[in-house]
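Please read these numbers as outputs of a predicted model, since none were measured by experiment.
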Amino acid sequence: MYVVVAGETVLPVGGSARRTADLAGAVRELEAAEHPRWVWADGREVYPGLLSAGVRVSRCHDLALTEGLLLAYEGRYGEPRSAAAAHARLYGLPVPEDQPSAPDTLFAPEPLSAEAVAEVLADQLRRIEALPEPGRFRLLVAAESAGALIAAEMSYDGMPWRRDVHDALLTDLLGPRPVHGMRPAKLQALADEVAAAFGHPVNPDSVQQLVKAFKGAGVALKTTRSWELKQIDHPAVAPLLAYKELARLFSFHGWVWADQWVRGGRFRPEYVVGGVVSGRWATSGGGALQIPKVMRRVVVADDGWVLIVADAAQLEPRVLAAMAGDVGLARAAGEIDLYAALAQSFGGERANAKIAMLSAMYGGTSGDAPKLLAVMRQRFPKAYQFVEDAAKAGEEGRLVRSWLGRTSPPPSSRWRELVSGPEGSRAARDRGRFTRNFVVQGTAAEWALALMAVLRGLLPEPARMVFFQHDEVMVHCPISQAEEVIAAVASAASEATRLLFGATPVRFPMEAVAVSSYADAK
DNA sequence: GGGATACGCGCC
DNA sequence: AAAGGGCGCGTATCCC
């Protein structure tokens, strides 16, 4: 059963609309009585309000996210995906551009009526049914929509973040918090060491100045990447490397960052569902997906609670094995350590097996990659061919799709020009690497979304999902629920696997541990 | 002095 | 050893 929510109106599809003065109350009642699939134009505008009112729903159909998926599938990537745009297209009216994420309320368009939302829903369901694999795409839409609920809930609940531990860590590494605009003491000391090593002032934040300073000292550098610096014998290198590491910590995850993103002992980032073309999430602030490992000790469970941290082991090669139906690779993917199981095919070297798989999925060509890929082609022909086909499609400017039907963007007009020019083969290869990776990364993202959607439904109150990072999920729950949640993670992993691939010999191990601090998880 | 781009590096 | 996919984002730097 679908129930539309638009403005203050609730409309069961096929029934009659009801205007309500208490939207949250109406949703709460219907959710308890019917647990319908809620339909809204854009969950980002509806769900946070419901959460603030203490209302959560189990499932939804997000029109904007679904429209984006459908447009891409239909080769219309980039057309406005809002429900208002979809509705305008239905009637041949001028199509409004999508609003930026923070809509300007002054110029925001009139929201769609509940009836109009229902019309867009009907149109989307019709378009989905017309696809070659409607079942898969329905799963994709359900998973993407569930992701939108989870993202909003995780921002609302927040990840535990101990500001006192954070401050102690920063003070330990950088020195006390400096006044605005100043470098912390230890950072300044390292900058001074760099300058002393050169015998003149150098701004360690300036690539230009560094390259020039090293040149003056008789060292030719193309870049100042740390791996290149590490090969150089010069007294400035050690303090410079230390400076770069700490400077990043200071500017990216320092006190100013905490002031902005940590409230009430919780870190509340803004997740962007489907923000990456492959279907991975992005963040629009807070850098939640780039928290340095050294910061993990700051994430500490509340008293009497634990963090359940679970990550999928070697998700992408397993996804490839399942998609390609490669029996040999699938057999290896029946083991907990896939690369170890592959080692004997690669001269007994686990490291070589890993390089071969990563090169196949990323399009690597350097070092031993060609030799190892030749082995892979011979031993795992179907898996090899699967990513080769994706790469070829990309090179030829065609679209590729993930397992459930998320579709890559078409080549840009710039690319089409480039590909017929002198640098054409380079441009073609670049796009081939992208599409090669897209099919694997995109399907891995789908598996992870399905996992989260299932897990969410299995969690007991008051356990909460509080963090998600590509193939890793964190649940915050009372200590007494730890075992139940760990078991739920395992169930959700098998169910996600079944939902995507049905009966497959490929295993998707998702090991969960209960810890009081995130730093203890690995 | 404000916007756009390059660099570098954190995460997967 | 140093190149192969996806991002976000702070600083420096360029350009108008």
Run the side-chain donor-acceptor check on residues 141-152 of chain A: report pairs under 3.5 Å with partners two or more places apart or on a different chain.
from: A:E144; atom 1: OE1; to: A:R406; atom 2: NH2; distance (Å): 2.8
from: A:E144; atom 1: OE2; to: A:R406; atom 2: NH1; distance (Å): 3.1
from: A:S145; atom 1: OG; to: A:D62; atom 2: N; distance (Å): 3.1
from: A:S145; atom 1: OG; to: A:V141; atom 2: O; distance (Å): 2.9

List the atom pairs, donor and acceptor, that lie under 3.5 Å between side-chain atoms in residues 353-378 of chain A and the rest of the protein, sequence neighbours left out.
from: A:S359; atom 1: OG; to: A:I355; atom 2: O; distance (Å): 2.7

Return all side-chain donor-acceptor pairs below 3.5 angstrom for residues 510-519 of chain A, not counting sequence neighbours, or 'none' if the list is empty.
from: A:S517; atom 1: OG; to: A:A519; atom 2: N; distance (Å): 3.2
from: A:Y518; atom 1: OH; to: A:E472; atom 2: OE2; distance (Å): 2.5

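Neither OP1 nor OP2 of C:dA3 sits under 4.0 Å from any side-chain N or O of A:T365. When the side-chain nitrogen and oxygen atoms of A:T223 are compared with OP1 and OP2 of B:dC7, none of them lie within a distance under 4.0 Å. OP1 and OP2 of B:dC9 both lie 4.0 Å or more from every side-chain N or O belonging to A:K293. For A:K244, a side-chain nitrogen or oxygen approaches OP1 or OP2 of B:dC9 to under 4.0 Å.
As a whole-Å value, the separation of A:R280 CZ from B:dC12 C1' is 5 Å. Put simply, CG on A:L289 is 16 Å from C1' on C:dG5, counting in whole angstrom units. Following rounding to the nearest Å, A:I291 (CD1) and C:dC9 (C1') show an atom-to-atom distance of 14 Å. What separates CE of A:M357 from P of C:dA3 is a distance of 23 Å, to the nearest Å. Put simply, CH2 on A:W261 is 11 Å from C1' on C:dG8, counting in whole angstrom units. Across the protein-nucleic acid pair, A:K354 atom NZ and B:dC12 atom C1' stand 12 Å apart, rounded to whole Å. What separates NE2 of A:H253 from C1' of B:dG10 is a distance of 8 Å, to the nearest Å. Regarding A:K230, its NZ atom lies at a distance of 14 Å from the P atom of C:dA2, rounded to whole Å.
Using a 4.0 Å heavy-atom criterion, one finds that A:G275 contacts no nucleic acid atom at all. Using a 4.0 Å heavy-atom distance criterion, A:R248 is classed as a base contact. Among the protein residues, A:S359 comes within range of no part of the nucleic acid, since none of its heavy atoms lies under 4.0 Å from any strand. Residue-level contact check: A:G367 touches neither bases nor backbone, having no heavy atom under 4.0 Å from any strand.
For A:D205 and A:R183, the salt-bridge test passes: some basic side-chain N is under 4.0 Å from an acidic carboxylate O. A salt bridge links A:D259 with A:R163; the closest basic N to acidic carboxylate O contact falls under 4.0 Å.
When each of C:dG5, C:dA3, B:dG10 is scored by its nearest atom to the side-chain atoms of A:E245, the top-ranked nucleotide is B:dG10. Of the candidates B:dG10, B:dC12, C:dA2, B:dC12 carries the atom nearest the A:H470 side chain, counting heavy atoms from C-beta on. With distances taken from any side-chain atom of A:V277 to the nucleotides B:dG10, B:dC12, C:dC7, the minimum falls on C:dC7. Comparing C:dA2, B:dG10, C:dG5 by their nearest atom to the side chain of A:W227 picks out C:dA2.
The stretch residues 427-439 of chain A touches DNA chain C through A:R433, A:F434, A:N437, each having a heavy atom within less than 4.0 Å of the strand. Listed by residue number, there are no residues of residues 389-402 of chain A with a heavy-atom contact under 4.0 Å to DNA chain C. Taking a 4.0 Å limit (strictly below) on heavy-atom distances, residues 442-456 of chain A does not reach DNA chain C anywhere.
For A:V319 against A:A444, the heavy-atom pair with the smallest separation is CG2-CA, 3.8 Å. The two residues A:E335 and A:A341 make their nearest non-hydrogen contact at CG-CB, 3.7 Å.
Pairs passing the salt bridge (Lys or Arg N to Asp or Glu O under 4.0 Å) check and including a residue from residues 489-500 of chain A, sequence neighbours excluded, read A:E495-A:R498. Sequence neighbours left out, the pairs with a member in residues 221-254 of chain A that pass ring pair (Phe, Tyr, Trp, His ring centres under 6.0 Å) are A:F198-A:H234, A:F214-A:H234, A:H253-A:W257. Residue pairs meeting the ring pair (Phe, Tyr, Trp, His ring centres under 6.0 Å) criterion with at least one partner in residues 394-421 of chain A, sequence neighbours excluded, are A:W403-A:F501. Sequence neighbours left out, the pairs with a member in residues 381-395 of chain A that pass salt bridge (Lys or Arg N to Asp or Glu O under 4.0 Å) are A:E388-A:R436, A:K392-A:E396.
Contacts of A:A196 classified as side-chain contact (heavy atoms from CB on, under 4.5 Å), with partners at least two apart in sequence or in another chain: none.
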Using the 3.5 Å cut-off, write out each protein N or O paired with an N or O of nucleotides 10-12 of chain C and the distance between them.
from: C:dA12; atom 1: OP1; to: A:N203; atom 2: ND2; distance (Å): 3.3

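Each of A:Q231 and A:S278 has a nearest nucleotide on DNA chain C; the 5'-most of these lies closest to A:Q231.
With hydrogens and angles ignored, no donor-acceptor pair closer than 3.5 Å exists between the side chain of A:R225 and the base of B:dC7. A donor N or O paired with an acceptor N or O is not found under 3.5 Å between the base of C:dG6 and the side-chain atoms of A:Q441.
A:D337 and A:Q314 share a donor-acceptor pair across their side chains, judged by distance under 3.5 Å alone. Side chains of A:T407 and A:R401: a donor-acceptor N/O pair is present below 3.5 angstrom, by distance only.
With rounding to the nearest 0.5 Å, the separation of NE2 in A:H476 from CZ in A:R266 is 5.5 Å. In this structure, CE on A:M465 lies 8.0 Å from CD on A:E153, to the nearest 0.5 angstrom.
Using a 5.5 Å limit on the distance between ring centres and a 30° limit on the angle between planes, the aromatic ring of A:Y362 counts as stacked on the six-membered base ring of C:dG5.
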